[in-house]
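First the structure, in the form of C-alpha cells, and then the observations on it.
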Amino acid sequence: SVNKMSFKYEDVENIYKKIKSMKQKGKNADYIPDLQIVNPNIYAISVCNIKGEIMNFGDYRTEVGIESTSKVFTLALALNMYSIKKLISHVGDKDETREFNSIKDVLEIKNHTINSFVNAGAMATTSLLYDKTKSNDTNEKAMNKIILENMEDFAGRTLKVNEHLYLSEYKTSHHNQLLIDKLVSYRRFYGDPQTVLKSYTKQCSVMVTSKDIAVMAATLANNGTNPITHNKLVNEEKVEYIVDHMAQHGLYNESEQWWESTHFPVKSGVGGVIMIVIPGVMGIGIVSPPLNKYGNSFKGVETGKLLANIPIY
Ligand code: GLN
C-alpha cells in the first residue's frame, strides 16, 4: 500500500480508465518491423515511490522493447566512467531542432554535438563505452554485458534482450548507420561504428514492463539508489545531469510543449514507453505502443499530462 509521498490510488485509477477508453490517435512505430506488429491495445501505468511502494494498472506484466528509454541508463554508465564536462564536449547538451533521428541536426548544430537522447548523440554516448585497447569482439561482448547488467540494476530484476526485435532493427538500421557515418566524419564518434551500432541496437531491444520502468525511474528520483534493492548506482551530481537532460530533451521536439504542461522530467521510447521521474518523490512507467507525430507514445503523453494535475499526498 502506498501512503505518503505518492498519488492517491483512486486518482491514478481514474486516469487509467479515462485514457484506456479514449480514442487511439497514435500509430505503432513502423520503421522497425517487429514494433509494427505489437498489440496496440497494451496499456499500463506503474508508479513506484522512493520508499519502493508500487501501484500498477492494466497490462503491467506485459513486456515491450525499452528502445530509446535505454538511452537514460547508458548515459548513466558513461557518466560513471567520464565527467559531465566530457559528456558535454563529446556528445552535447543542446536542443534538437528536428525529429529524433534527424541527419540535418547532426550536420547543422554547432560542433555537431546535440545531446545524449537523440539517436546520433545516444549512439555517440554508447561509443564512449568502447575500449580502444580491445578487439571489436571483446568490446561487443563487454558492452552488451555492462549495458544489460546496468539496466537490471536499475530495474532490480533480471531482464532479457529480445533477439528477434534486435535483428529486426539491426537489419533495417541504415538510417542510424548514416548518422554514425556523419559523426565519424566530424570525429564525434568514439568507437568502432559496427560494434557500437550493434550494442546500441541491442540496448534498445531489452524487454521491460511498466513496473520495471517505474522502479528504474524511482532509482533516479531517489538520487541514484534503487529503492527496492538499496544499491547505489549513480552519484547525486550525475543524477542531476541525467534528470536535467530528461527535462530538456526527453521527448525530442515535443520536449518544450510537454515541460510547459507537466514540469516532469521524462524519456520516451518508440516501443511505447514513457518514463517519468519526479525527483525526491517517485518514478512512473507508462506503456502504450501507438505513437504521436513526434514519435512519443500518444496515450503515454496524454496520461502524463493528466498525472501532472493530480495532487501528491
Ligand atoms: N532503437 C530505436 C532507434 O534507434 C530507438 C528510437 C526511439 O525509441 N526513439 O531508432
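When a ligand or atom number is given, it counts from 1 through the structure's own listing order. Starting from 1, each residue takes its place in the sequence as its number. Values below: every heavy atom of this structure, side chains too, minus hydrogens, waters and symmetry copies.
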Is the shortest distance from a heavy atom of Asn101 to ligand 1 less than 4.0 Å? no
Can we call the ring centroids of His249 and Phe117 under 6.0 Å apart? no
Distance check, rounded to the nearest 0.5 Å: Lys25 atom NZ versus Leu291 atom CG? 15.0 Å
Checking contacts here: is it the side chain or the backbone of Asn176 that comes within 4.0 Å of ligand 1, counting heavy atoms only? Could be both or neither. side chain
Closest non-hydrogen protein atom to atom 7 (C) of ligand 1, residue and atom name please, with distance? Ser68 OG, 2.4 Å
Subset of ligand 1 atoms that lie under 4.0 Å from at least one heavy atom of Glu67: 1 (N), 2 (C), 5 (C), 8 (O)
Does Gly295 reach ligand 1, in the sense of a heavy atom lying below 4.0 Å from it? no
Which ligand 1 atoms, with their elements, are less than 4.0 angstrom from a heavy-atom of Gly269? 8 (O)
Just to be sure I read this right, does ligand 1 sit under 4.0 Å from the backbone of Glu169, its side chain, both, or neither, counting only heavy atoms? side chain
Under 4.0 Å from one or more heavy atoms of Val270, ligand 1 contributes atoms 5 (C), 6 (C), 7 (C), 8 (O), 9 (N)
Nearest protein heavy-atom contact for atom 10 (O) of ligand 1: which residue, which atom, what distance? Tyr31 OH, 2.5 Å
Would you name the heavy atoms of Lys267 and Tyr252 that are closest together and state the gap between them? NZ-OH, 3.1 Å
With Val106 as partner, the option from Thr113, Asn101, Leu183 fulfilling side chain to side chain contact (heavy atoms under 4.5 Å, CB included) is Leu183
Which of the numbered atoms in ligand 1 are below 4.0 angstrom from a heavy atom of Tyr252? 7 (C), 9 (N)
In ligand 1, which numbered atoms sit nearer than 4.0 Å to a non-hydrogen atom of Cys204? 1 (N)
Checking the side chain of Asn139 only, and the main-chain atoms of Asp131 only, is there a donor and an acceptor separated by less than 3.5 Å? yes
Could you identify the single nearest non-hydrogen protein atom to atom 4 (O) of ligand 1 and state the distance to 0.1 Å? Tyr200 OH, 2.7 Å
Glu149 and Arg157: CA distance, side-chain angles, deciding distance, salt bridge (Lys or Arg N to Asp or Glu O under 4.0 Å) verdict: CA-CA 10 Å; Glu149 285 177 356; Arg157 74 164 184 118; over 6 Å; no
May I ask you to check whether over 12 heavy atoms, not counting those of Lys134, lie within 6.0 Å of atom NZ? no
